Amino acid sequence: MSILQLNDVNTFYGGIHALKGISLKVEKGEIVTLIGCNGAGKSTTLKTISGQVIPKTGTVLYEDKNISKQPAHITAQTGIAHVPEGRRIFPKLTVKENLEMGAFAIKDKKDIKESMDRVFEYFPRLHERLTQKGGTMSGGEQQMLAMGRALMSKPRLLLLDEPSMGLAPVIVEQIFDIISDLNKEGMTILLVEQNAYQALQVAHRGYVIQTGEIVMTGLGADLIKNDQVREAYLA
Ligand code: ATP
């Protein structure tokens with residue numbers, strides 16, 4: 001069963017036709033990556049899934065339920081966590097408070113503690129910095145915090161928007177290793193990246209998006225060898 005399926009999705013910002021008939025699917029247990037240039041529609045695809053923007057036509061199916069018109073705060077409580085581009089952590093809140101915000105829908109204190117302990121297994125750095133204000137963390141640490149906050153809600157599908165953006169190569173490696181570890185433990189991930197090489201290396205399958213349309217799809221290992229992909233995105 002596909003955990004997520006988009007069928008012929010069209011999303012507009014006023015008169016701007018940002019997604020022009022996007023169809024894609026993510027199977028349970030996969031890492032799927034969406035690669036493309038600036039402005040191609042990658043972030044809009046994730047926003048359309050998480051309910052931050054509502055598509056004009058087409059369907060978004062999540063666990064076989066049509067969530068196309070579902071607002072973001074509901075979707076966030078039904079197992080989809082969206083880590084936005086630019087992280088958007090709460091800069092004035094501590095690491096611990098940021099993580100607690102991610103668990104806003106979980107009432108049981110014991111469950112929150114369990115979630116947090118699990119986050120610390122992936123991100124020991126966050127455990128070391130519990131009382132530090134989010135805004136004073138490095139870019140890589142803020143990315144870890146944003147991902148940790150998303151994991152606090154115990155999602156079944158994780159949407160990651162450009163997690164490697166603006167990070168030093170050694171930190172990018174760490175982030176991709178964690179993405180891979182999360183997936184090995186069973187997390188399904190839809191990963192948007194401009195860093196196509198690393199994204200295709202870690203992903204089972206990929207889609208190439210160009211000006212709002214999917215122009216190519218295949219196994220990550222095949223796309224990475226494809227001449228057109230190499231020329232346009234890996235040069
Ligand atoms: P980037 O990596 O630069 O974010 P992207 O592939 O994620 O690129 P989107 O941000 O999804 O691209 O943008 C797709 C198109 O929609 C672009 O033409 C962009 O200018 C437009 N767009 C995005 N957000 C808005 C908005 N809030 N209002 C109007 N147009 C928008």
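For the numbers below, each heavy atom of this structure counts, side chains included, while hydrogens, waters and symmetry mates do not. Counting convention: from 1, in listed order, for ligands and their atoms alike. Computed from a predicted structure; not experimentally measured.
- Closest to atom 31 (C) of ligand 1 among all protein heavy atoms lies Tyr13 CD1, 3.3 Å.
- When all heavy atoms of Ser2 and Lys25 are compared, the pair lying nearest together is OG-CD, 3.7 Å.
- Looking from atom 10 (O) of ligand 1 to the surrounding protein, the closest heavy atom is Ser43 CB, 3.7 Å.
- There is a protein heavy atom less than 4.0 angstrom from atom 5 (P) of ligand 1.
- Few gaps surround CD on Gln201; more than 12 heavy atoms of other groups in view lie less than 6.0 Å from it.
- Side-chain atoms of Ser164 and Glu193 form a donor-acceptor pair, as typed in the model, at a separation below 3.5 Å.
- In this structure, Gln174 CD and Ile179 CD1 are separated by 12.0 Å, a value rounded to the nearest 0.5 Å.
- A donor-acceptor pair shorter than 3.5 Å can be found between the side chains of Glu173 and Gln198.
- When only modelled atom types and interatomic distance are considered, Ser23 and Asp8 share no side-chain donor-acceptor pair under 3.5 Å.
- There is a side-chain donor-acceptor pair under 3.5 Å between His82 and Gln52.
- Nearest to atom 3 (O) of ligand 1 among the protein's heavy atoms is Asn38 OD1, 2.7 Å.
- Of all the atoms in ligand 1, the ones that sit under 4.0 Å from a non-hydrogen atom of Glu85 are 4 (O).
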Are Leu158 and Leu190 close enough, and set up right, to give a side chain to side chain contact (heavy atoms under 4.5 Å, CB included), and what steps lead you there?
CA-CA 6 Å; Leu158 190 58; Leu190 178 56; over 6 Å; no
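- Looking at ligand 1, you'll find an N or O of Gly41 within less than 3.5 Å of one of its N or O atoms.
- Shown here, atom 15 (C) of ligand 1 is in close reach of the protein: a heavy atom of it lies under 4.0 Å off.
- Protein heavy atom at the shortest distance from atom 8 (O) of ligand 1 is Gly39 N, 2.7 Å.
- With distances taken over non-hydrogen atoms, the option nearest atom 11 (O) of ligand 1 out of Asp161, Thr211, Thr44 is Thr44.
- Near Gln194, meaning under 4.0 Å from any of its heavy atoms, are these atoms of ligand 1: 2 (O).
- Close contacts of ligand 1 with Ala40, meaning ligand atoms under 4.0 Å from a residue heavy atom, involve 5 (P), 6 (O), 12 (O).
- Donor-acceptor pairing under 3.5 Å is recorded for the side chains of Ser43 and Asp161.
- The atoms of ligand 1 that sit less than 4.0 Å from any heavy atom of Cys37 are 6 (O).
- Taking any N or O of Ala18, backbone or side chain, none lies under 3.5 Å from an N or O belonging to ligand 1.
- Contact annotation: for Glu162 versus ligand 1, heavy atoms closer than 4.0 Å belong to the side chain alone.
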